Amino acid sequence: MIEGRFISLEGGEGTGKSTQAKALANALGKRGLAVCLTREPGGTPGAEIIRELLLTGGDDKWDLRTEALLFAAARAEHCAKLIRPALARGEWIICDRFVDSSRAYQSVSGELRDAEIMQLHQVGSKGLMPDRTFVLDLPETVASKRATARDRGDSDRIGSRDSDYHRAVMANFRQFAIDDPKRVRLIDARHSAEAITDKLFENIDDLLS
Ligand SMILES: Nc1ncnc2c1ncn2[C@@H]1O[C@H](COP(=O)(O)OP(=O)(O)O)[C@@H](O)[C@H]1O
Ligand SMILES: [Mg+2]
């Protein structure tokens with residue numbers, strides 16, 4: 001049996017990741033493929049408990065390193081119990097955020113280097129990487145307006161950090177597309193949801209054959 005494919009959706013809060021993850025999963029399912037739609041942090045019962053720990057409470061609830069370790073722990077559980085088994089069954093994994101979110105967010109302070117975050121991923125998840133990653137790119141002002149309209153001002157612990165932080169996160173995501181263009185594709189998220197889904201499909205042509 002052939003291995004499945006692993007696609008992750010990345011970008012800042014409000015850029016349309018969850019919208020596109022759903023649309024992509026539906027469209028692939030209609031083509032007769034076995035699809036597993038999942039998210040991070042979370043995706044398994046244990047990892048969802050860690051998600052709750054990470055996304056609720058005050059901004060200073062966790063030390064930066066503890067936070068990075070918790071994300072890596074949730075991901076380890078997700079990879080071991082859901083993603084790897086599904087890929088082995090030949091399924092397509094559509095994952096709403098993955099390790100690039102850890103790299104983009106946890107490195108902003110300058111306290112943790114990208115190589116250290118990847119080391120955590122190596123230990124926790126044996127370095128599993130997606131076959132393709134989409135970074136949904138939107139000006140921070142537009143993304144935060146969309147997120148605020150969606151959440152009615154009630155954003156989570158990390159989403160509620162200031163706009164400078166979120167701009168730095170977006171800059172990190174853009175850099176990943178420059179550094180690794182084969183895997184990471186930067187997608188202009190200012191278009192309609194339908195137009196963006198079409199664009200994602202253009203960018204998985206090689207994986208579908
Ligand atoms: N292409 C788009 N154009 C306009 N609004 C969008 C688009 N895609 C998503 N939205 C809306 O923007 C908000 C944020 O989208 P969402 O998919 O939840 O983003 P994320 O998961 O990246 O935080 C939602 O209310 C969603 O309906
Ligand atoms: Mg979302």
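No experiment lies behind these values; they were computed from the predicted model shown. Read the numbers this way: they start at 1 and go in the same order the structure lists the ligands and their atoms.
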>> Does either side chain, that of Ser18 or that of Asp96, offer a donor lying less than 3.5 Å from an acceptor on the other one?
In response: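 Checked: Ser18/Asp96 side chains pair up, N/O donor to acceptor below 3.5 Å.
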> Would you say the side chains of Glu13 and Ser144 form a donor-acceptor pair under 3.5 Å?
Replying inline: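 The criterion, which ignores hydrogens and geometry beyond distance, is not satisfied for Ser144 and Glu13.
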Salt bridge or not for [X] and [Y], using N-O below 4.0 Å?
{"X": "Asp188", "Y": "Arg190", "value": "yes"}
{"X": "Glu202", "Y": "Arg185", "value": "no"}
{"X": "Arg103", "Y": "Glu10", "value": "no"}
{"X": "Arg132", "Y": "Asp206", "value": "yes"}

> Hey, does Ile93 have a side-chain heavy atom less than 4.5 Å from the side chain of Leu82?
Replying inline: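 Yes, side chains in contact.
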Which protein N or O atoms sit under 3.5 Å from any N or O of ligand 1? Give atom names and distances.
{"from": "ligand 1", "atom 1": "1 (N)", "to": "His191", "atom 2": "O", "distance (Å)": "2.9"}
{"from": "ligand 1", "atom 1": "1 (N)", "to": "Ala193", "atom 2": "N", "distance (Å)": "3.2"}
{"from": "ligand 1", "atom 1": "3 (N)", "to": "Arg146", "atom 2": "NH2", "distance (Å)": "3.3"}
{"from": "ligand 1", "atom 1": "17 (O)", "to": "Ser18", "atom 2": "N", "distance (Å)": "3.4"}
{"from": "ligand 1", "atom 1": "17 (O)", "to": "Thr19", "atom 2": "N", "distance (Å)": "2.9"}
{"from": "ligand 1", "atom 1": "17 (O)", "to": "Thr19", "atom 2": "OG1", "distance (Å)": "2.5"}
{"from": "ligand 1", "atom 1": "18 (O)", "to": "Arg150", "atom 2": "NH1", "distance (Å)": "2.8"}
{"from": "ligand 1", "atom 1": "19 (O)", "to": "Gly16", "atom 2": "N", "distance (Å)": "3.0"}
{"from": "ligand 1", "atom 1": "21 (O)", "to": "Ser18", "atom 2": "N", "distance (Å)": "2.9"}
{"from": "ligand 1", "atom 1": "21 (O)", "to": "Ser18", "atom 2": "OG", "distance (Å)": "2.8"}
{"from": "ligand 1", "atom 1": "22 (O)", "to": "Thr15", "atom 2": "N", "distance (Å)": "3.3"}
{"from": "ligand 1", "atom 1": "22 (O)", "to": "Gly16", "atom 2": "N", "distance (Å)": "3.0"}
{"from": "ligand 1", "atom 1": "22 (O)", "to": "Lys17", "atom 2": "N", "distance (Å)": "2.8"}
{"from": "ligand 1", "atom 1": "22 (O)", "to": "Lys17", "atom 2": "NZ", "distance (Å)": "2.6"}
{"from": "ligand 1", "atom 1": "23 (O)", "to": "Glu13", "atom 2": "OE2", "distance (Å)": "3.4"}
{"from": "ligand 1", "atom 1": "23 (O)", "to": "Gly14", "atom 2": "N", "distance (Å)": "2.8"}
{"from": "ligand 1", "atom 1": "23 (O)", "to": "Arg150", "atom 2": "NH1", "distance (Å)": "2.7"}

> Listing by chain and number, what protein N/O/S atoms are under 2.8 Å from the Mg ion (ligand 2)?
Replying inline: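 Sorted hits: Ser18 OG.
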> Checking Arg183 side chain against Phe176 main chain: does a donor-acceptor pair fall under 3.5 Å?
Replying inline: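 Not a single qualifying donor-acceptor pair exists.
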> Relative to each other, are the rings of Tyr105 and Tyr165 parallel, tilted or perpendicular (30° and 60° limits)?
Replying inline: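 Rings of Tyr105 and Tyr165: tilted, 30 to 60°.
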